[in-house]
Amino acid sequence: MLKKPASAEPACRPGRVFKFGQEKGFRVTVARNNQDVASEELEYWLSVVTGEVPQPSDDFIVIAFPTNAVRDEYLVDISRRAESEVRRVLASMLGDSRSLPEWDALQLVVLDAARSAGMLPSGAVDDSLGSRPQFSDYHRRAILAAAGESSGPTWPGLTWVLDLLPGSPDRALAVVSAYLLAHAQVLPDLRITGLSDAAAIIRSRYILGETDAHHRVLSTIHWRDFEFLVAALYEAKGYEVEVTRAQKDGGRDVIARRTGADAETLHIACSRGTSKKSAAEVAALNGRLDTGERASRGIFVNIAGFTEQGPGTAAKVAMEMPRINLLGGDELQWQMNEHLGADWPFRVERIIAAARHGQHAAETATSDCSS
């Protein structure tokens, strides 16, 4: 039987204390990058998750990788791991249907406060086609459970996603992303981390394989998620970001604003297509910079890059337009690594969920101020 590591101090997940258990005072709180330590921690963690050894305490983390170092150690050689082990780890992170009474009660307190503050509709509920329900389906389940009118779980499980693997990993990822999107406002942080870790496993084992993770992630995620990922990049650069509605917006997929001495407004066009953008498309973006909210600069992001050979190329036209900057796939990856960390492909769902949450909070605040 594997023994619990005696002196490891791995890098803990943000906002979390990594606990293997309380006996002998073993409590990891200090960050230290050490591959041998991470490997030892990983093997013990796996022995608990797969049921080889009992869970040492209730607060032992099994629904997510306990540290970034453990996650990276697992993903680096995931293609050589046993399928049965990978599926056990995924099952633990995806989770069965369950209720979280304390967390559900807290969410109902938040809901009641929002209603008292006039942030929720009151009076007769609009039940017409396309109307927004008064409560989310999660809140409805939590209310019924709190009233003793339902004994069913408040949180639906996702272990059925395993039935999509290995044949349809793209659809498995879509399910996890949709779950995060639907519940980002109410999920506990550790559940968001765990689902993000599950997505990283699915992507690393069943999609990326031995290929370059950074490029494959950028070229395979949904186009709308790509816009939120670009927004997260510019938020990390110090901008306030806004992802525009999913419509033809004249090259303004993302608006990034910065105040202060270096104040500016950027209109960012995002494309993850497979063809290079032409000089005409670059010129069109330049011509729209003064439409609506005037932009200081326009940023054209395209994973496939821009035409560079022959007369009138996109690169040459951009050089003649001081307010236009081109950002191809290689440069985008470099900036993502610099501002979001080189391991961002393993955290991409969490990054996108955070960006969506931030936009929702900003829109809610703006709505409150205008009402």
Side-chain angles (χ1 to χ4, degrees), residues 13 15-17 19 45-46 48-51 54-66 71 84-115 119-121 125 127 131-165 168-169 171-203 349-350 352-354 356-357 360:
R13 302 309 284 267
R16 295 287 164 187
V17 174
K19 302 177 183 177
W45 181 78
L46 283 173
V48 176
V49 172
T50 58
Q55 186 171 337
S57 63
D58 290 340
D59 54 8
F60 183 95
I61 298 175
V62 294
I63 65 172
F65 288 119
R71 178 202 63 203
S84 58
E85 175 197 282
V86 173
R87 296 178 81 86
R88 289 290 294 274
V89 172
L90 280 173
S92 182
M93 293 175 173
L94 293 169
D96 294 317
S97 297
R98 69 189 73 181
S99 294
L100 302 173
E102 293 182 1
W103 182 263
D104 295 337
L106 175 61
Q107 294 307 310
L108 292 183
V109 170
V110 173
L111 182 68
D112 187 61
R115 182 167 51 186
M119 298 171 62
L120 294 177
V125 177
D127 202 24
S131 61
R132 188 178 183 86
Q134 185 176 17
F135 303 113
S136 70
D137 199 50
Y138 159 71
H139 283 127
R140 181 187 61 80
R141 294 192 299 270
I143 290 170
L144 291 176
E149 297 181 12
S150 172
S151 59
T154 52
W155 293 95
L158 283 178
T159 52
W160 61 268
V161 168
L162 294 172
D163 292 334
L164 297 172
L165 301 172
S168 302
R171 296 190 177 186
L173 280 177
V175 171
V176 176
S177 295
Y179 192 93
L180 282 168
L181 174 60
H183 300 97
Q185 314 303 321
V186 292
L187 272 174
D189 287 347
L190 192 57
R191 281 289 289 148
I192 293 177
T193 299
L195 291 172
S196 178
D197 287 345
I201 291 175
I202 294 170
R203 180 176 286 109
E349 276 75 21
R350 184 170 178 81
I352 292 169
R356 288 183 178 275
H357 178 78
H360 175 80

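The structure presented is a predicted model; accordingly, all values stated were derived computationally and were not measured.
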Task: Any donor-acceptor pair under 3.5 Å from Arg191 side chain to Leu94 backbone - done: yes
TODO: Kindly indicate, with the supporting measurements, whether the criterion side chain to side chain contact (heavy atoms under 4.5 Å, CB included) is fulfilled by Leu165 and Leu90.
DONE: CA-CA 11 Å; Leu165 301 172; Leu90 280 173; 3.8 Å; yes
Open item on the list: Rounded to the nearest 0.5 Å, what separates atom CD1 in Ile143 from atom OG in Ser136?
Closed with: 8.0 Å
- [ ] Kindly compute the distance separating CH2 (Trp160) from CG (Asp96), expressed to the nearest 0.5 Å.
- [x] 13.5 Å
Using distance only, find each side-chain donor-acceptor pair of residues 172-185 under 3.5 Å and give its atom names and separation, not counting sequence neighbours.
unit_1 : atom_1 : unit_2 : atom_2 : d
Ser177 : OG     : Leu173 : O      : 3.1
Tyr179 : OH     : Pro156 : O      : 3.2
His183 : ND1    : Tyr179 : O      : 3.0
Gln185 : OE1    : His357 : ND1    : 2.7

Task: Minimum heavy-atom distance between Thr159 and Ala91, given as atom pair plus value - done: CG2-O, 3.7 Å
Open item on the list: Please check: side-chain N/O of Asp197 versus main-chain N/O of Ala64, any donor-acceptor pairing under 3.5 Å?
Closed with: no
Open item on the list: Quick one, Met93 with Ile63, criterion side chain to side chain contact (heavy atoms under 4.5 Å, CB included). Give me CA distance, side-chain angles, the key distance, then yes/no.
Closed with: CA-CA 4 Å; Met93 293 175 173; Ile63 65 172; 5.7 Å; no
Task: Atom pair CG/CG of Leu195 and Leu158 - distance to nearest 0.5 Å - done: 6.5 Å
Task: Where Glu85 and Thr50 come nearest, the two heavy atoms and their spacing - done: CG-CG2, 4.3 Å
Task: Heavy-atom pair with the smallest gap, counting every atom of Leu100 and Pro188 - done: CD1-CG, 4.2 Å
- [ ] State whether the side chain of Trp103 and the backbone N or O of Leu187 hold a donor-acceptor pair below 3.5 Å, judged by distance alone.
- [x] no
Task: Expected output: side-chain Ser92 to main-chain Val62 donor-acceptor under 3.5 Å - done: yes
TODO: Answer yes or no: is there a side-chain heavy-atom contact under 4.5 Å between Leu164 and Pro169?
DONE: no
Task: CZ on Phe60 to CD on Gln55, rounded to 0.5 Å - done: 7.0 Å
Task: Taking every non-hydrogen atom, the tightest pair across Ala142 and Asp104 - done: CB-CB, 4.3 Å
Task: Expected output: side-chain Ser99 to main-chain Pro101 donor-acceptor under 3.5 Å - done: no
Open item on the list: Ignoring hydrogens, what is the shortest heavy-atom contact between Gln107 and Val186? Give both atom names and the distance.
Closed with: OE1-CG1, 3.5 Å
Open item on the list: In the structure I gave you, are the side-chain heavy atoms of Pro66 and Trp45 within less than 4.5 Å of one another anywhere?
Closed with: yes
Open item on the list: Ignoring hydrogens, what is the shortest heavy-atom contact between Phe65 and Ile201? Give both atom names and the distance.
Closed with: CZ-CD1, 3.8 Å
Open item on the list: Under a 3.5 Å distance rule, please check whether Arg141 uses its side chain to pair with a backbone N or O of His139 as donor and acceptor.
Closed with: no
Task: Pair Arg350-Thr193, side-chain donor/acceptor within less than 3.5 Å - done: yes
- [ ] Give a yes or no answer on whether the side chain of Ser196 reaches the backbone of Ile192 with a donor-acceptor pair at less than 3.5 Å.
- [x] no
